[in-house]
Peer 1: 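The structure that follows is given in the form of structure tokens.
Index from 1, following the sequence. When a ligand or atom number is given, it counts from 1 through the structure's own listing order. Values in this document were obtained by computation on a predicted structure and should not be read as measured data.
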Amino acid sequence: MTEVFNKIEALDERLSELRKQHKTIGFVPTMGALHKGHISLIERSNRENDTSVCSVFVNPIQFNNQNDLLKYPHTPESDIEMLSNEGCDIIFIPSREQMYPESLKLENYHFGTLETVMEGKFRPGHFNGVAVVVKRFFDIVQPNKAYFGLKDFQQLAIIKDLVRQIGSKIEIVECGIIREVDGLAMSSRNSRLSAIQRKVAPYIYEVLLAVKEKAGEMSIEELKAWTLEQINREDLMKIEYFEIVSPISLMPVNEQNKHLGSVACIALYMDEIRLIDNIILFL
Ligand code: AMP
């Protein structure tokens with residue numbers, strides 16, 4: 001039976017009971033408008049823990065664009081139904097007041113170059129907002145393991161660094177990208193695409209797959225130029241960045257070190273809808 005909590009106190013009481021029974025807790029933080037990508041995280045948490053907790057909270061402080069926040073999809077009934085069907089034990093849907101009471105002192109985190117590249121460059125304040133909310137959830141839920149998707153590649157690097165910085169013992173579990181049958185990475189924002197945009201959007205993954213195929217023969221510079229050319233050909237897409245970076249440092253790779261690990265990351269706009277995706281080139 002799935003239980004839904006809106007208040008920290010009640011959730012804490014239930015989780016304390018479970019901890020007393022030595023139950024392990026897996027935690028999946030989300031912003032709702034759930035899809036199979038999110039559900040894959042729950043599925044993994046269910047497999048690896050006695051209890052799974054999923055939070056649904058659209059975190060205002062991680063949005064650098066107010067319009068994006070206002071238009072962020074909300075589907076609470078369907079979220080609860082999907083989570084219940086998957087056998088998620090506990091759903092936590094807090095209000096803003098619960099998450100950010102006036103008495104709460106908001107920390108300021110620093111992630112060095114991890115937060116100055118790619119998403120960090122174009123979304124000022126975003127990762128600090130993510131770190132603050134994730135730390136707050138970690139304090140509330142105190143899970144053994146927490147699950148994050150590789151779809152948000154840079155976010156995962158930030159979370160791993162956060163856990164190191166705060167000296168937390170929570171194990172961060174990386175989960176693969178779940179895609180639609182046509183290759184488009186699942187995202188809550190996909191529901192905002194028009195029919196024509198939705199038809200064109202799988203082109204992102206098509207280009208990324210071609211990048212992976214060409215990675216053996218083209219130089220990094222050639223690959224970057226080729227990719228920009230492909231995306232610029234598509235009138236409905238406006239590229240924000242395309243970078244080929246080390247999966248550890250997130251710094252751009254070069255010809256000498258690219259074989260030690262590299263991931264191609266892309267962000268683009270279709271009208272005002274921002275989509276991101278990535279693919280591992282060398283591991
Ligand atoms: P969000 O609700 O967008 O904050 O995402 C919550 C979690 O689900 C994050 O760890 C995301 O990386 C993960 N996630 C979102 N989309 C996907 C996807 N298509 N495949 C795998 N994980 C995903």
Side-chain angles (χ1 to χ4, degrees), residues 26-48 52-65 68-69 71-76 78-80 82-83 86 88 91-94 99 114 118-119 123 126-138 141 143 145-163 170-193 198 201-202 204-205 208-209 247 250 263 265-267 273-280:
F27 175 51
V28 180
T30 80
M31 298 206 296
L34 300 184
H35 49 68
K36 287 185 196 148
H38 298 112
I39 295 303
S40 73
L41 273 55
I42 300 289
E43 213 178 289
R44 178 120 183 232
S45 171
N46 280 345
R47 267 206 314 273
E48 299 182 354
S52 292
V53 179
C54 178
S55 64
V56 175
F57 178 65
V58 181
N59 177 31
I61 67 167
Q62 75 183 65
F63 283 79
N64 54 307
N65 176 335
D68 190 26
L69 173 60
K71 299 241 171 99
Y72 202 84
H74 290 261
T75 57
S78 130
D79 291 349
I80 292 175
M82 284 174 83
L83 290 168
E86 196 51 45
C88 178
I91 309 175
F92 180 42
I93 313 182
M99 288 303 286
L114 288 183
M118 301 193 290
E119 295 295 288
R123 304 186 68 187
H126 168 67
F127 285 124
N128 190 56
V130 170
V132 167
V133 82
V134 168
K135 168 72 164 63
R136 177 106 175 101
F137 275 124
F138 281 180
V141 179
K145 297 185 182 192
Y147 295 78
F148 293 87
L150 282 160
K151 156 99 191 325
D152 300 276
F153 197 89
Q154 190 170 5
Q155 173 172 280
L156 241 169
I158 294 276
I159 301 293
K160 286 194 242 169
D161 199 60
L162 172 72
V163 162
I170 298 169
E171 184 187 329
I172 303 302
V173 183
E174 306 183 359
C175 304
I177 303 176
I178 304 297
R179 299 179 179 281
E180 301 285 357
V181 275
D182 58 17
L184 176 64
M186 289 192 182
S187 164
S188 304
R189 290 185 177 87
N190 291 352
S191 65
R192 294 182 55 206
L193 296 170
R198 176 62 190 81
I204 304 168
Y205 187 52
L208 288 181
L209 281 177
L250 302 187
V263 53
C265 299
I266 193 165
I273 304 151
R274 190 170 182 280
L275 302 176
I276 60 171
D277 201 349
N278 66 76
I279 196 164
I280 303 281

Peer 1: As an exercise, identify every atom of ligand 1 less than 4.0 angstrom from a heavy atom of Ile177.
Peer 2: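 Listed by number with element, the hits are 20 (N), 21 (C).
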Peer 1: Once you restrict to heavy atoms under 4.0 Å, what part of Leu41 touches ligand 1? Side chain, backbone, both or neither.
Peer 2: side chain
Peer 1: May I ask you to identify the nearest protein heavy atom to atom 20 (N) of ligand 1, giving residue, atom name and distance to one decimal place in Å?
Peer 2: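 In this structure, atom 20 (N) of ligand 1 has Ile178 N, 2.9 Å as its nearest protein heavy atom.
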Peer 1: Counting non-hydrogen protein atoms only, what is the nearest one to atom 1 (P) of ligand 1? Give residue, atom name and distance.
Peer 2: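 Ranking protein heavy atoms by distance from atom 1 (P) of ligand 1, first comes His38 NE2, 3.7 Å.
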Peer 1: Check each atom of ligand 1 against the heavy atoms of Thr30 and keep those under 4.0 Å away; list them by number with element.
Peer 2: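 Selected atoms, number and element: 2 (O), 6 (C).
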Peer 1: For residues 179-193, which residue pairs qualify under salt bridge (Lys or Arg N to Asp or Glu O under 4.0 Å), counting only residues two or more places apart or in two chains?
Peer 2: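 Passing the test, one end in residues 179-193: Asp68-Arg189, Asp68-Arg192, Arg179-Asp277, Asp182-Arg198, Arg192-Glu272.
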Peer 1: Which of the atoms in ligand 1, numbered in the order shown and given with their element, are less than 4.0 Å from a heavy-atom of Phe148?
Peer 2: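 In order of number, 10 (O).
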Peer 1: Is it the case that the ring center of Phe137 lies less than 6.0 angstrom away from the ring center of Phe27?
Peer 2: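 That pair passes the under 6.0 Å test.
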Peer 1: Would you say Gly176 touches ligand 1, if touching means a heavy atom closer than 4.0 Å?
Peer 2: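 Distance cut 4.0 Å: Gly176 passes for ligand 1.
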Peer 1: Only one of Arg44, Glu48, Glu171, Glu174 clears side chain to side chain donor-acceptor pair (under 3.5 Å) with Tyr147; which?
Peer 2: Glu48
Peer 1: For atom 11 (C) of ligand 1, what's the nearest protein heavy-atom neighbour? Residue, atom name and distance, please.
Peer 2: Asp152 OD2, 3.1 Å
Peer 1: What pair of heavy atoms forms the shortest contact from Met99 to Arg136, and how long is it?
Peer 2: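 In this case the closest contact between Met99 and Arg136 is O-NE, 2.5 Å.
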Peer 1: Run the side-chain contact (heavy atoms from CB on, under 4.5 Å) check on Lys145 and Ile170 step by step: do they pass?
Peer 2: CA-CA 5 Å; Lys145 297 185 182 192; Ile170 298 169; 5.7 Å; no
Peer 1: What is the closest protein heavy atom to atom 10 (O) of ligand 1, and at what distance does it sit?
Peer 2: Gly149 N, 2.9 Å
Peer 1: Are any side-chain N or O atoms of Asn278 and backbone N or O atoms of Leu150, one a donor and one an acceptor, separated by less than 3.5 Å?
Peer 2: yes
Peer 1: At what distance is the nearest protein heavy atom to atom 4 (O) of ligand 1, and which residue and atom is it?
Peer 2: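 Of the protein heavy atoms, Met31 CG, 3.6 Å lies nearest.
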Peer 1: Name the closest protein heavy atom to atom 3 (O) of ligand 1, giving the residue it belongs to and the distance to 0.1 Å.
Peer 2: Tyr72 OH, 3.9 Å
Peer 1: Is the Tyr72 to Phe63 ring centre distance short of 6.0 Å?
Peer 2: yes
Peer 1: Any atoms of ligand 1 less than 4.0 Å from a non-hydrogen atom of Met186? List them with their elements.
Peer 2: 16 (N), 17 (C), 18 (C), 19 (N)
Peer 1: Checking Asp79 side chain against Gly32 main chain: does a donor-acceptor pair fall under 3.5 Å?
Peer 2: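 Absent.
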Peer 1: Show which atoms of ligand 1 fall inside a sub-4.0 Å distance from at least one heavy-atom site of Pro29.
Peer 2: 6 (C), 7 (C)
Peer 1: Does at least one non-hydrogen atom of His35 fall below 4.0 angstrom from an atom of ligand 1?
Peer 2: yes
Peer 1: Less than 3.5 Å apart, any donor N or O on the side chain of Asn46 or Glu43 sitting next to an acceptor on the other?
Peer 2: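 No donor-acceptor contact under 3.5 Å links the two side chains.
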